Amino acid sequence: MNKPRNLTIYNSLSGQKEPFKPLHENRVGMYVCGPTLYSEPHMGNMRTFINFDMIYRYLLFLGYDVKYVRNITDAGHITNSAGEAVDSIGKAAKLEQVQSLEIVYKYNVKFQELQRLYNMLPPSIEPTATGHIQEQIEIIEQILANGLAYVVNGSVYFDVKTYSERFEYGILSGRKVDELEEETRTLNAQDEKRFFADFALWKKANPDDMQIWRSPWGDGNPGWHIECTAMSTKYLGAKFDIHGGGLDLKFPHHEDEIAQSCGSAGENPANYWMHANMLNVNGQKMSKSLGNYFLPKEIIEGSTTVFDKPYSPNVIRFFMMQAHYRSTLDFTSDALNAAEKGYNRLTEALKLLPSLPESAENSHDAESWAAECYRVMSDDFNTPMLIAQLFEAAKWINSVNDGKASMTAESKQLLLTTMQAFVTQVLGLTIEENRSNDGLVDKVMEVVLELRKTARENKDWASSDKIRDHLAAAGITVKDGKDGATWSAQP
RNA sequence: GGUCUCGUGGCCGAGCGGCUAGGCAGAGGUCUGCAAAACCUCGUACAGCGGUUCGAAUCCGCUCGAGACCUCCA
């Protein structure tokens, strides 16, 4: 079956779904804003990365040659609206009595581990901000040369007012420069900026900064937004296909990236801007400052007090895939439990599929079923609908197993390849095997079930149930079917 | 205060003008020594009030409620 590629993507720039047309036939350039590594990423951070992992996977699955760039922010200087420099990495470093890069290294190791745990494909490259100081300086110089920035006292600021005479500031977030002024609540008079909406491209160093770089304007640190412009330009060019990130980065971060690109190269860097929605806890965004967060590791280990049991990374991923990437998702114990059961039902059906009896007839249409899988995923990556579709297949499979429906060998093959592909390659789930790889265990189980069978034939229910109960206590489930008993073990 | 998003059955969560996803939980049934699993049947939900329409959860207006961004944030 040919993979249809009539993909549509919701573009934050236009606020609607658009047919996806890559700049270069068959090739896609995608940049996603990665983590700032001053602490361990929490589950909310992971949701964005997992969603873009799914998007990356589906693009690959459709046969695109994708270059996926996701940065790592390891330079700390960020300037808030009041003009104060906030060095979150330096702050964490001082708290922990170590150097900034040591902090970043430490949390990057954890982040890489989490990527593996949650089965995320590694991006094509994960460039760091500190590794691209020169590139950032060059872009700032370009913006200065274009007359869209100014130097004050060793710092460089982007000139939003002049910029908005030539380009549209607020094109992504829908903000108007005139309105912005009135919106601002507190304005610090100490500001070096000419206009409050101006933002730092380069910030003069403070004496106690832990990271300082040389620049044409003196020692200092790059502004927050410039690293993404520098790295996306370096690895994907001035114009590429998709730029993604969390919804909370839409303004000001992405808006300023657009301004920097227009201000240096003269054009919006990406054709499609995609934003993944937030992970909520009790209706509120998970965030550090609210303290309502938990760590990806804690959920797997069951060490958070929020949930009374651990959940496997597959269940977490499956749970996330049951919601659309543009919707908020509430993390609750009930929802997670429901996802766990659903995930098990789906994977059990998939495991059952190869052993299904084949008929001359079909009770369902496998072709149109498969086509629907592609259709819904190509409609702005609608994973919840894909999962609903997968459950339709699960029902068919179980019915065939019960002798209540039929499936031809051809349909079986189509179902098998399609389901496996969508479950493992696209959704990024791994199928947890029932049987151990240890042939010894299989043999032992064979003996145990044989003994139990004898007991059952003698109607010795006490022995039969004892074996079943004890195995259950050991995490092994025995199911009695028409053709004898089968077993499965919880990992 | 400004900009924007959202309110769907017990819970989670799709759909976004007619054909009323899906999962979990619940009820009944089939199967079974019992159980588990699986399958079948069952809930007619779309915040409220108006309006547009032959027809609205889906479009428009108002009201109420929740949230996001405007400071760092995935």
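Small disclaimer: the values here were computed from a predicted structure and weren't measured. Proteins get letters first, then strands, A, B, ... in listed order; numbering begins at 1 in each.
The aromatic rings of A:Y58 and A:F381 stand perpendicular to each other, their planes meeting at an angle above 60°, with 30° marking the opposite boundary. Below 30°, between 30° and 60°, or above 60°: for A:H275 and A:W273 the angle between ring planes is below 30°, a parallel geometry.
Neither OP1 nor OP2 of B:rC34 sits under 4.0 Å from any side-chain N or O of A:R468. Contact between the side-chain N/O atoms of A:N401 and the OP1/OP2 oxygens of B:rA38 is not found at any separation under 4.0 Å. Checking the phosphate oxygens (OP1, OP2) of B:rG15, a side-chain nitrogen or oxygen of A:N382 falls inside 4.0 Å. Listed pair A:R345 / B:rG23 meets the phosphate criterion, a side-chain N or O lying under 4.0 Å from OP1 or OP2. A:K176 has no side-chain polar atom (N or O) that falls below the 4.0 Å cut-off from OP1 or OP2 of B:rG2.
Looking at the side chain of A:K341, the nearest of the listed nucleotides B:rC12, B:rA25, B:rG13 is B:rA25.
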Checklist line | Criterion ring pair (Phe, Tyr, Trp, His ring centres under 6.0 Å) on A:H254 and A:H225, from CA distance to verdict | finding: CA-CA 8 Å; A:H254 291 158; A:H225 317 299; 9.4 Å; no

Item checked: Trace of the side-chain hydrogen bond (donor to acceptor under 3.5 Å, both in side chains) decision for A:Y374 with A:N6 -> CA-CA 9 Å; A:Y374 286 91; A:N6 45 351; over 6 Å; no

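If you check every strand for non-hydrogen atoms under 4.0 Å, A:S327 touches sugar and phosphate atoms only.
Stacking annotation: A:F391 is not stacked on the base of B:rG23 (requires ring centroids less than 5.5 angstrom apart and an interplanar angle below 30 degrees).
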